[in-house]
Structures are given as structure tokens and as C-alpha cells.
Amino acid sequence: MTASEIRRQFLEFFKSKGHHVVPSAPIVVKNDPTLLFTNAGMNQFKDYFLGNQTPAWSRVADTQKCLRVSGKHNDLEEVGIDTYHHTMFEMLGNWSFGDYFKEEAIAWSWELLTEVYKLPKDRLYVTVFEGDKKENLEKDQEAYDFWKKHVPEDRILLGNKKDNFWEMGDTGPCGPCSEIHVDCRPDEERKLVEGATLVNKDNPQVIEIWNNVFMQFNRLKDKSLEPLPAKHVDTGMGFERLVRVIQGKFSNYDTDVFSGTIGYIEKLTGAKYEASDSKKDVTFRVLADHIRAICFTIADDQLPSNTGAGYVIRRILRRAVRYYFTYLEYKKPLLHELVPVLAQQFETVFPELQKQVDFVKKVIFEEENNFLRTLDSGIRRIEDIIAANSATKSIDGKTAFELLDTYGFPFDLTNLIATENGFSVDEKGFEAAMKEQKDRSRAATELDMGDWTILEDSGTTFVGYSLDTTQTKVTKYRKIKAKGKEQYQLVLSQTPFYAESGGQVGDTGTLDFEGEKISVTDTKKENDLIVHFTDKLPATINTTVTATINKDKRQQTTLNHSATHLLHAALRQVLGTHVAQKGSLVNPESLRFDFSHFAKVTDEELAQIEDIVNEKIRANIPVVIQELPKEEAMKLGAMALFGEKYGDIVRVVIMDPNYSVEFCGGTHIGSTGELGLFKFLSEGAVAAGVRRIEGVTGAHALAYVNEQLQQLKEVKAALKNPKELVKAVDTLIADKAGLEKQLEVLEQEKIKQLASSLLPKAEKINGINFIGSVVSVNSADALKQLCFQLKTELTDYVFVFAANVGGKANVAVMIADNLVADKGLEAPKIIKEKISGLIKGGGGGQKSFASAGGQETDKLDQVITAVKAIL
RNA sequence: GGGGAAUUAGCUCAGUUGGCUAGAGCGCUUGCAUGGCAUGCAAGAGGUCACCGGUUCGACUCCGGUAUUCUCCA
């Protein structure tokens, strides 16, 4: 059975049991400060379990893209070493939201594994929660009894709280769980050691494949448990592992989930994968694993960057490069070549990759190149370090850390290169420096989040599409403290405040607590909660509140948001439909739009795009907003964003059904004419394959145009209103360059003349050709020029020239090289001993040429005589 | 968000305690050599040393700020 059949069978099986199959949520998480990536199948259903939202279907099944590389589940450095850790993996799951419970979940999981997938029953074991006295929890007898119907009792094992009781967090829904384990050992081994003794014992061949969580309790703040009114089922089965078991492979990497990629790497590099523990084979596994994580996160709109989620992607990518660079001896970009293979493999499951295959490839290629450059310069740097420390034959921890911290050169490579050169590296010192940096960062981002004070247990409704003010109540609030600044977060039962989302900034405004006005500085989303930020709390919070937004600011923002839609459509019309939104910022002043496109947008294209947008504004198209089932919206040709999670009912913003139809939760104007005017401010690149356009609309656009015109007017006036302005400026610039050149020539000429007039004044003193003079020049550099001019004319010379330059004394001294050598004359010495004191200044330079400067301009003659005296 | 670094010719980079007439390689222009090419030889053009301010007699160099980029950590 192929991997895709296994996946299909899972989904079809649960479909036949009345489940609605939903697509995977994006792997990159938005609007949740506690999570960067989806790390479990249940993430997208969290709000259902918490009761913040009601599900549209009570039975759901899916395969979810997950990534575990940060936070609690950090497996990154394990991946590739063994045969079963992954960064990105698929989690198959079936859910019941207050519908079926233990009996069905248990029966179906058994049916699927043994009848559909035909796993031998005598290799399966199940575990059931044994109870916990301290928590006052009973054994999960129900689950035990339901399992008894399918499995002999000696295969039902009891597990402790750690393995068999699942909790979402410190508080919230939780419950016992029941795992299914499979024993993959060969028969001879199974005869020797009973499989039951190896369950949950970290044996790589006796592994858990499916966890069924039965949510039946709610954990309260005081740590006590209360029964949930609606009981849920939450299951998760690691897809890669399941495939391995069904296909009877020794390792996940031997299945057809990975073999395509591995085969292609073999083809590209000429190396062979032999499934061993060698560094080379670890590399194959690292590459096959990491390319999936990299591709799917980029396809879900997360570009590699130096912060947050983007930094995690960058690290995964760099780990992959590090491996092929060192162990496959492959010194050029490799990962990007694998993208099409993967895109094709997942075309029907996760089509977002195939749809953006060129874009993802380009991003990865640039990123690889970048890091290969970093490695290159790091290697040069480490070679210098090795040369400089040949005496001690060691690299200290601080230096190794600096290589990583400042130049991005990985420690393991430093270690490797050092060892190759017979050097040692102070690993302890390195670790210490690393710890110091981590501590510093943690301290700087310390966020003290208080507990919510709950006044009223109700959801929150957004009424801001139609109202700017409303009567409401505070349902909960808390205090947060970041960087020593205290702030409060308030949640209202209904609110006109738009929370930052889809690029549109959050509203500001005021909350009027029966006379006491508190201003709202920002509004943000936390999952589906709308959180209002304030600097203080009212004296009495438990009153009626009049919530009013800053209408003016919202209006300006709304204009820019609608303009963004017009722009997006125009971009696709002019540049092509490969243009996809990669980021958007909409605030009262301007709009910023990032999109995938591979070349600079030319001035002609920009003009064309701007024309289209303005044409649509003048056409005064009415903006139609509809809430529709997602399928219907898709039929209208609505543009959805990659990496955005949509519910079953979506909000669609239409500006002429033939022009712009977009999924959007933002605020919009009534008709496009309200925008008045649209103007570009700038166009540029932000990352590989991503361009950024900034623009203004409405009154801001007009102000911008007026400002430009005003500047133009002033320039014209300054140039005495020429007929052809551009030509006049060009001429002006060319003239200036010519004049500067001429001036330089004249200066040279002047110095030459000065030099030739000074030449006859040369005096012979003790065999030395001495010229000393106070001259009139206008820069210190001219004195220098004078010396260099004269040195070609004489031998055995000593020159001293002094000048008053802008009220300051400047002196230059030049001595022929042979005099320096033979007579021990040194220019800086003369300056320090004879000159700087006189002119109240300092000076220095080379032995044969030095310069000095000082305050005293009327002692210049004395400078000359003083030098002359020592010859 | 916190830390470390970088910014010098079209490109890749040197520039050692403040004073070297700011350099190298590649590229470019011109000339010469070779039957042609690869190439070799010679000459030349090209720099507001990112920007702004400060210290100093004097700043590519030291200090502060801004911008951009790289990099590590969270």
C-alpha cells in the first residue's frame, strides 16, 4: 500500500463513519502568542474544546501538517540521527465534538488498523489510564471495557498519568487517553522477549502509533477537575510512522514518503544512501526531512528571516546545508532542486506547494546561496585564526562563539576544521558565552502576564463593521508587564474595535466607564479574542461601558485597505496571476503590499498599475460584502491567501465581480470613488522573489502630489524657470563636474608654478638641499602636493613649508629617504621637537614625510628658521 | 525584542597604535604582441572611504547618532 493510499484510506474510513474531512490548517500559526507553528492535530480545533466557538460539524477528520522544532518539543538536533524523529510530519486525526465518545473511537481505531490496514492483531497492544490517587482520578474502566471487546486482556496495559492522561495546558480541557502500540520486531526476537514488556520503553521497534484522547474534564485554576458538559474525542496518528509500520520497513525513511526525495538526492550528488549510521546517511535523512519543513512553511507564507518563526525556518535550512556541505562534499545549493519532487508528491494533499513551486524554489535557492557565502567567509576567517594561534594550537571559547554569533559560522564546523588542523576548541568557554547570550535575551523579553480576571463568562462579538460606538461590558481583563511598562488588556462582550488582522492595524479610541474615560492604545487578536490595550484601569470596571473608536483614523485606514484590494487586482492584471500576497500593512497614513514577483516592477508597469487603480476609483464601483460558504466563494473566483486559515463561512469583499473578489475580514468603504486618488510612493525588494509596493490614497495622496509639485516649483524657480527642466539640471550637473575637474587642474598648475618658483631658493647646507618657505595656499593638502612635486626635482632634500590655512597653522616636512637612513633625520621627530611647540599644536607622520598643525599662525617664519637651524 | 558585526573603485576585498599622495585582484577603456582564439604585455579611467555630528592641528581610522545589510539569541 502506498503512502498516499494509506492517507486516502484513513480519510475515507472516517468519512464513511459520518466525519467531515477538513483541509489541514496552515503550518504557520497566526494570532497565537504562545505558538509559532502548528505542533499537533488539535491546534486548529482548540477554540472548540475551550468553548470559544461552536463547530460546524461534530465529527471531523483530517491530516494536519505539523512542525516540532521549538519550545517544548525540540527535536531538531535529533532529526536524521535516528530513523523516526522529524521536523515536519503529518498527523492523521479524527475528532468528536460532543458527539461519539470512547466506545466508537475505540472500535473504529481497531477496525481501521486491523481490517483496512490489515495490521496483525498479535503485534498490537493498547494502553489505558490506570488512575492517579494524588489527583483523585479513577482508572479508565470504560475504555478498558470497550477494548476488552476487541483485544485479549493480556494486551491491554495500564499506563500512568505521564503516558495516559492528556492536558492541553495548566488549565482547560483534559482527560485520559488510550494509546495503540505496535511491535515491529522480527519473530525470533518476539519469541525471546514478550512485546508487552517493551511498550513505552523507548524501543525503536515497539512504538506508539495512535493516541486517542478522551476529553471529559476541565482543569480549574485551583488544580481541581470538573466534568465537562460535552465530551470530546481528540486523536492523533503520526502518518510517517503508520506508513512505515504498514509497509513493514525498518525506518520511516525507507518508506515511499521519503524515498523519492532520497533517490533524487542520490541522482544529484552521486552519493548512495545505505540506511546506515554513517554521517553520509544521516545527511540523506536530514535533507529528506528538512526540505519538507522548509517547503511547507514557505508555501504557508513564512519566509526565512532573522526573527521569530522565520528564524526557525532559517535554522532548519542551514542545518541541512551544513550537512550536505560537510558530509556530501556538495558545495553548491542543493535543497532548492528538491522542491519540484516534493511539490509533485504532495500535489493532491497539500496543493499550495505545487501552486507556488517556482516561488518556493527561488526563496530556498537565495537562502542557500546566502549561507554558502557565510560559510565561505567563515572558513577564511577561521583559517586566519588558525594561523594566528599556531603556538597554542587551540581556539578559545570566546573566539569560537564570536565566529558563530557575529559571522554565523556553526560551532560544529569550527570544531571540525580545528580538529583537522590538530587544534583544540574550548567548548566550555563557548557554552558559557552562549549561556550568557541566552540569559541576556531572556531577560530582555521577559513578559509578565497576569491571570485573567473574569467578570462575565461570555464570548465577544465584533460590531465594528457597522458601528463606531456601542454600549457594552468588560467580560475579562488582566495586567501585563513588558520591559518595565505596565499595560492592561480588556475583553468586551461586544466591541466596535477592529483587532489587528490581515495587515489592517488595530483601532484606537476610548472606553467611557460612566464618565471615566480610558483610552485604548491598540487592539489585537489572541486566537479569536479581541483584546483592547489600555494604560490604566477605571475605578469601577463592572459598569456599562461606551466603547468608541477613533473614527477618523479608522476611516483613513479603511481607505487604504480598499485601495490595497484594487492594487492587488491591478498587479495580477499587469504582472500576471503568479502575483500572490506575501504581506500587507494597512494603517491610516499609507499602505504597504508585499507580493511574489521575480523582477523589478518597471516604471512603465507601475504607471500602468496606478492607472488601472485610479480608473477603478473613478468608476466609483460599489463595494459588495457578502458572507458565503467557502465553496461558493471559491466559485466566484475569490482570491484566498496561502497560509491563512478560513472557516466554513467566509467574508468576501467584491469590487466588481470581474475585477476584485477577495476573502477579507477587514473594513471597507461603500464605493471606490471615496478613495479619490491613489499614488505609489515606492517599489523595492524585501526578500528573494518578494517585491514591496508602498502607496497612499485619499487626502494623503493629494498632499503627497501637492508636496511634489511644490518641490518642482521651487526647483524651477531656482533655475529661473527653464523651458526644459530635466535638461537644465543635467547641464548643471555636467557643468559642475567639468568645473570641478578644471579647478583641480588649476590647483595642480598653481602648485607646479609655486614649486618651480621655490626651486631656485634651494640652499645647500652640509650637503643637504634645503627649501623652507612660508607659502600662501588654501589647504593642508596643497602643502603635501608641493613637497611631492619638488621631490622629483632634487636629491638629498629637506623641505619645510608652512601656511596659514583658514586661521590655523599648517606645516609639512619632507626628508629624502637616504637622509633618513644616513643622517638619522626623522620628520615626525622634527615636528614634535621643533615645530608643534611653536605653533601650539601637534603633528606626526612617516619618517620621510610628516605634517603638523596648530593655532599660532604668526610664528610660521620661526618654524622655518628652527628647522634650518638643526641641519 | 536583546546582543555582536559590516558598509572603502563596477564586483570581491586589503588598509596593522589617528598623519602612507587610499591600495590589490577581477572587470572596464586604449595601445601593443600572436594567422585567429585562449591569452600575454603596457598605459589609463574609475573613490564625498554609507550618511550626519563630535573629539583633534589633522579622522577611512576614535566617539555618538541615523540608514542599510549580515549574524546569533529570545
Side-chain angles (χ1 to χ4, degrees), chain A residues 33 36 70-71 74 304-312 314-315 318 367 369-371 373-378 380-381 384 388 398-411 414 430-431 433-447 482-485 684-687 736-737 740-741 744 747-748 751 779-792 802-814 817 826-832 835-857 859-860 863:
Chain A
L36 291 175
S70 53
N74 194 346
S305 76
N306 55 4
T307 52
Y311 183 58
V312 175
R314 176 165 284 173
R315 267 172 48 177
R318 291 189 168 191
E367 190 68 21
N369 254 327
N370 225 324
F371 186 53
R373 263 202 302 273
T374 301
L375 288 182
D376 222 44
S377 60
R380 267 187 309 207
R381 201 167 285 274
D384 286 349
K398 212 182 128 215
T399 306
F401 178 72
E402 191 192 50
L403 272 169
L404 172 73
D405 184 51
T406 305
Y407 304 103
F409 198 73
F411 182 73
T414 300
F430 172 82
E431 295 294 344
M434 196 79 211
K435 187 180 177 302
E436 207 177 301
Q437 147 123 309
K438 287 188 178 181
D439 290 345
R440 195 175 37 230
S441 286
R442 271 201 204 99
T445 43
E446 204 170 32
L447 180 72
K483 310 193 100 208
K485 202 180 139 208
V686 274
K736 178 172 173 282
E740 269 170 1
K741 196 88 194 169
E744 201 181 304
E747 285 287 332
Q748 283 294 333
I751 286 163
S779 76
D781 195 51
L783 289 177
K784 197 194 269 177
Q785 298 288 343
L786 194 55
C787 289
F788 280 91
Q789 193 62 238
L790 282 165
K791 85 183 268 196
T792 56
N804 177 344
V805 179
K808 277 179 181 164
N810 276 272
V811 183
V813 176
M814 183 175 259
D817 287 333
E826 289 178 15
K829 215 166 142 192
I830 294 173
I831 285 196
K832 291 226 166 66
I835 300 174
S836 46
L838 274 177
I839 57 174
K840 285 191 181 150
Q846 262 51 52
K847 282 181 181 172
S848 61
F849 177 82
S851 57
Q855 314 284 4
E856 212 64 54
T857 52
K859 300 260 175 74
L860 296 179
V863 168

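Letters A, B, ... mirror the listed sequences (proteins, then strands); counts begin at 1.
- Closest approach of A:T857 and A:G807 over heavy atoms only: CG2-O, 3.3 Å.
- Between A:F401 and A:S377, the residue anchored nearer the 5' end of RNA chain B, judged by the nucleotide with its closest heavy atom, is A:S377.
- Consecutive pairing runs in RNA chain B reach the stem threshold at B:1-7 with B:67-73, B:10-13 with B:23-26, B:28-33 with B:39-44, B:50-54 with B:62-66, where a stem means at least three Watson-Crick or G-U wobble pairs with distances under 3.5 Å.
- With both ends at atom C1', the span from B:C52 to B:A67 equals 10 Å, rounded to whole Å.
- Backbone-only engagement by A:Q846 is indicated by non-hydrogen atom pairs under 4.0 Å involving sugar-phosphate atoms exclusively.
- Residue A:E436 is out of contact with every strand shown, counting any heavy-atom pair closer than 4.0 Å.
- Nucleotides B:G10 and B:G27 have their C1' atoms positioned 7 Å apart, rounded to a whole Å.
- Here the P atom of nucleotide B:G4 and the NZ atom of A:K398 are 12 Å apart, to the nearest Å.
- A:F788 comes within 4.0 angstrom of a base, heavy atoms only.
- B:G64 and B:G25 have their C1' atoms separated by 36 Å, given to the nearest Å.
- Neither OP1 nor OP2 of B:G1 sits under 4.0 Å from any side-chain N or O of A:R440.
- Residue A:R315 has a polar side-chain atom (N or O) positioned under 4.0 Å from OP1 or OP2 of B:A74.
- Comparing A:M434 and A:Q855 along RNA chain B, the residue whose closest nucleotide (by nearest heavy atom) sits nearer the 5' end is A:Q855.
- B:C49 and B:C32 have their C1' atoms separated by 35 Å, given to the nearest Å.
- Whole-Å rounding puts the A:N369 CG to B:C70 C1' distance at 15 Å.
- Looking at every heavy atom in both residues, A:A803 comes nearest to A:L783 through CB-CD2, 4.0 Å.
- Among the heavy atoms of the strands lying under 4.0 Å from A:A852 is at least one base atom, whether or not backbone atoms are also near.
- Rounded to whole Å, the P atom of B:G18 lies 11 Å from the corresponding atom of B:U61.
- For B:C57, neither phosphate oxygen OP1 nor OP2 lies less than 4.0 angstrom from any side-chain nitrogen or oxygen of A:K840.
- Residue A:D439 is out of contact with every strand shown, counting any heavy-atom pair closer than 4.0 Å.
- Here A:F411 pairs with A:F430 under the ring-ring contact (aromatic ring centres under 6.0 Å, His included) rule; sequence neighbours left out.
- Within the nucleic acid shown, A:G408 comes within 4.0 Å of sugar-phosphate atoms alone, with no base atom in reach, counting heavy atoms only.
- Distance CZ (A:F430) to C1' (B:C72): 9 Å, rounded to an integer number of Å.
- Between the CG atom of A:D781 and the C1' atom of B:G19 there is a distance of 12 Å, given to the nearest Å.
- Using a 4.0 Å heavy-atom cutoff across all strands shown, A:S836 reaches no nucleic acid atom at all.
- For A:R318, there are no side chain to side chain donor-acceptor pair (under 3.5 Å) partners two or more places apart in sequence or in a different chain.
- B:A9 and B:A74 have their C1' atoms separated by 41 Å, with the value rounded to a whole Å.
- For A:R318 and B:C72, the shortest distance from a side-chain N or O to OP1 or OP2 is below 4.0 Å.
- With hydrogens and angles ignored, a donor-acceptor pair closer than 3.5 Å exists between the side chain of A:D405 and the base of B:G3.
- Note: CZ (A:R442) to C1' (B:A74) measures 7 Å, nearest angstrom.
- Of the side-chain N and O atoms in A:K784, one or more sit less than 4.0 angstrom from OP1 or OP2 of B:C20.
- Within the structure, a side-chain polar atom (N or O) of A:R314 is placed less than 4.0 Å from OP1 or OP2 of B:U71.
- As rounded to whole Å, 18 Å separates atom C1' of B:A6 from atom CZ of A:F409.
- Rounded to a whole angstrom, the distance from the C1' atom of B:U8 to that of B:C13 is 9 Å.
- When every heavy atom of A:G844 is checked against every heavy atom of A:K832, the shortest pair comes out as CA-NZ, 4.4 Å.
- Taking a cutoff of 4.0 Å between a charged side-chain nitrogen and a carboxylate oxygen, A:R380 and A:D376 do not qualify as a salt bridge.
- A:S836 places a side-chain N or O within 3.5 Å of a backbone atom of A:I831 that can act as its donor or acceptor partner.
- Across B:G3, B:U21, B:A5, the shortest atom-to-atom separation from the side chain of A:Q785 is found for B:U21.
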side-chain contact (heavy atoms from CB on, under 4.5 Å) between A:Q437 and A:F401, intermediate numbers included: CA-CA 10 Å; A:Q437 147 123 309; A:F401 178 72; 3.9 Å; yes

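- Here the C1' atom of nucleotide B:C13 and the CG atom of A:D384 are 12 Å apart, to the nearest Å.
- Closest to the A:T374 side chain, of the nucleotides B:U21, B:C70, B:C72, is B:C70.
- Between the P atoms of B:U7 and B:C62, the separation comes to 11 Å (whole Å).
- Under the 3.5 Å distance criterion, the side-chain polar atoms of A:T406 are left unmatched by any main-chain donor or acceptor of A:L403.
- Cation-pi geometry between A:R381 and A:F409 is not met: the NZ or CZ atom fails to fall both under 6.0 Å from the ring centre and inside 45° of the normal.
- Taking atom CE on A:M814 and atom C1' on B:G19, their separation rounds to 12 Å, with Å as the unit.
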